[in-house]
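Before any comments, here is the structure.
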Amino acid sequence: MTDDPSDPPPDIRPVERVLMVLPSNRLVRTASAAGCRVWSVWDPALREPAYLDEVARHSERLLLADLDDEAGLRALVARTARDHRLTHVLHLGGARAVAPVLAEADALGLGTNPAEAVRTLGDRGALRDLLRDCPRLRVRAERAADAAAVREAVARFGGAPVVVKSARAAGPCGATLVRGPYGSADWEREGAADGTRGPFLVEEYLTGPQYAVETLSVDGMHQIAGITATRTAGPPRFETVSHLHPAPLGDRAEAEIRSAVCALLDLAGFENGATHTTVVRTPHGTRVLACRAGLGGDGIPQLVELAVGTDLETEAFRALTGGLLAPPTRRRTAVAGFVRLPGGRSPDASAADALRALPHVRALDVPARHADARTARGSCARVVVVGDGPQEAARHLAAARRLLGAAHQDRPAAARTA
């Protein structure tokens, strides 16, 4: 998504004094132009100085904080709220430091959602507990404190394939498929994916196509802002291969996904703002893999804007201030592909320049030279293309992969467990 300033939609109702934690510079400009007075909080370790200078330019003040210092962060939020008579405290940066910010916002009466609702959605174990009494969304799962408990839980599944992943609320998911009653030994021998540490969840293996669902809620009314199809490399580690927006779905499938996500948010008591939910359409119905407050990662907001003209950051702010989702302004397909680079090396400069010059290419992100080639995402480039439909977009992506010298190809996968 570009960071070009744009006029705010006229029906955004200004929030007079708002503290934003980890806002994009684009969102700060939008909020400021809409009449808000914005105090922004950023960890200087997470962004380059030029970016933070732009955030500061449109803020009443840029407050720098160590997001790993929870007590210090809560004290900063409380002090700023008191000194400047804030009306809202918003966390806009995904899972990082969300718990202390929401807890303090809740204590001050300045949050847009009950802190418990946001915590439940973002906590993998709490999410499974929430859905345990909802038959149409329930996924069989057991908590396991350590590797020994994982072995015992796998045995209780009676030899059925299961997925082992982190039960932590934040950090790598580390989803790994374990087949058969003795498969946990291989999992232990290789170590948890991405270095994930316990406690763990052992879950039934969900098969079927996977989708990412972006939702904007206003006073408990949930609006589906976009459904994106996700392909993975399949088991055992389920690395993401591509995202395609909008997902090519029939009316019945789309309605089923919408219903499942809205039911989840109702159960959690989520009321205002953006959520990102991952679902799988299994032979037995749609099941939720994961959910969290905030917009989706992997550049999904950019795909939505390229495909249908919806700026999810602006729309998320509109939702938080009581506005309804604006209708789409265009109809095309956008796809982001993750291309494994041989040896983790960046592509040749001439190949990268030639790729960026193609009219259907909208972005090319390559890993830093110091990226760890041993990790799946650390050795991948991300290329974004557009087309008049899924087939054309897929052809453009295949051409981009060839230009990058990548042999990796998309293939349908059962599910990536998030």
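The 12-atom threshold is not exceeded at CZ of R331, counting heavy atoms of other residues, nucleotides or ligands nearer than 6.0 Å. For R330, the CZ atom sits in a packed shell: over 12 heavy atoms of surrounding residues, nucleotides or ligands are nearer than 6.0 Å.
Using a distance-only test at 3.5 Å, with no hydrogens or angles considered, no donor-acceptor pair links the side chain of T230 to the main chain of Q210. At distances below 3.5 Å, at least one donor-acceptor pair connects side-chain atoms of N113 with backbone N or O atoms of E271. Between the side chain of T232 and the backbone N or O of G234, at least one donor-acceptor pair lies under 3.5 Å. No donor-acceptor pair closer than 3.5 Å links the side chain of D365 to the backbone N or O of R382. Checking side-chain atoms of R143 against main-chain N and O of G125 turns up a donor-acceptor pair under 3.5 Å. Side-chain N or O atoms of R401 include none that pairs as donor or acceptor with a backbone N or O of V339 at under 3.5 Å. Counting only distance, with no hydrogens or angles, the side chain of R237 and the backbone of G174 share no donor-acceptor pair below 3.5 Å. A donor-acceptor contact shorter than 3.5 Å links the side chain of T282 to the backbone of G285. Using modelled atom types, no side-chain atom of N272 and backbone atom of V218 make a donor-acceptor pair closer than 3.5 Å. At least one donor-acceptor pair closer than 3.5 Å links the side chain of E315 to the backbone N or O of A326.
Taken from CD in E254 to CZ in R252, the straight-line distance is 14.0 Å, to the nearest 0.5 Å. Atoms OG1 and CG, from T333 and L306 in turn, are 11.0 Å apart once rounded to the nearest 0.5 Å. Rounding to the nearest 0.5 Å gives a distance of 11.5 Å between CG of L27 and CG of L22. Distance check, rounded to the nearest 0.5 Å: CG of D83 to CH2 of W39 gives 10.0 Å. Rounded to the nearest 0.5 angstrom, T286 OG1 and R258 CZ are separated by 12.5 Å. Taken from NE2 in H360 to CG in L397, the straight-line distance is 9.0 Å, to the nearest 0.5 Å.
Between S24 and Y51 there is a side-chain heavy-atom pair separated by less than 4.5 Å. The shortest side-chain heavy-atom distance between I300 and L295 does not fall under the 4.5 Å cut-off. Contact annotation: the side chain of L265 approaches that of T215 to within less than 4.5 Å [non-hydrogen atoms, C-beta and beyond]. Counting only heavy atoms from C-beta outward, the side chains of T278 and C291 never approach each other to under 4.5 Å. Within the 4.5 Å cutoff, the side chain of V77 has no heavy atoms near those of the V41 side chain. Looking at heavy atoms from C-beta onward, N25 lies out of side-chain contact with H58 at the 4.5 angstrom threshold. Side chains of V335 and L303 form no contact here, defined as non-hydrogen atoms less than 4.5 Å apart. Contact check for S40 versus L63: no side-chain heavy atoms found under the 4.5 Å cut-off.
A pairwise comparison of heavy atoms in L52 and P44 identifies CD1-CA, 3.9 Å as the closest pair. When all heavy atoms of A117 and A268 are compared, the pair lying nearest together is CB-O, 3.1 Å. The nearest pair of heavy atoms linking A334 to V386 is CB-CG1, 4.1 Å. Pairing each heavy atom of L264 with each of L127, the nearest pair is CD1-CD1, 3.6 Å. When all heavy atoms of A107 and R74 are compared, the closest pair comes out as CB-NH2, 4.2 Å. The two atoms that bring A31 and M20 nearest to each other are CB-CE, 3.5 Å, heavy atoms only.
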V385 vs R362, side-chain contact (heavy atoms from CB on, under 4.5 Å): CA-CA, chis, key distance, verdict: CA-CA 6 Å; V385 301; R362 292 295 181 270; over 6 Å; no
Verdict with reasoning, L201 to E142, per side-chain contact (heavy atoms from CB on, under 4.5 Å): CA-CA 6 Å; L201 281 178; E142 293 191 27; over 6 Å; no
Residue pair R136, S259: steps toward the side-chain hydrogen bond (donor to acceptor under 3.5 Å, both in side chains) verdict: CA-CA 11 Å; R136 73 184 180 107; S259 175; 3.2 Å; yes
Trace of the side-chain contact (heavy atoms from CB on, under 4.5 Å) decision for F200 with D146: CA-CA 7 Å; F200 301 100; D146 52 26; 5.6 Å; no
CA sep, side-chain torsions, deciding dist, call: H276, E214, side-chain hydrogen bond (donor to acceptor under 3.5 Å, both in side chains): CA-CA 5 Å; H276 170 74; E214 311 309 311; 2.7 Å; yes
Derivation of the salt bridge (Lys or Arg N to Asp or Glu O under 4.0 Å) call for E54 and R29: CA-CA 9 Å; E54 181 68 10; R29 288 198 302 269; 3.2 Å; yes
Salt bridge (Lys or Arg N to Asp or Glu O under 4.0 Å) evaluation trace for D53 with R47: CA-CA 10 Å; D53 288 344; R47 277 291 191 175; over 6 Å; no
Intermediate values then yes/no, side-chain contact (heavy atoms from CB on, under 4.5 Å), D68 and L73: CA-CA 8 Å; D68 292 325; L73 181 58; over 6 Å; no
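A donor atom on one side chain and an acceptor atom on the other are not found under 3.5 Å apart for T314 and R26. With no hydrogens or angles considered, no side-chain donor-acceptor pair links T228 and H243 at under 3.5 Å.
For the pairing with E203, the side chain to side chain donor-acceptor pair (under 3.5 Å) check across R140, R128, R124 returns one residue only, R128.
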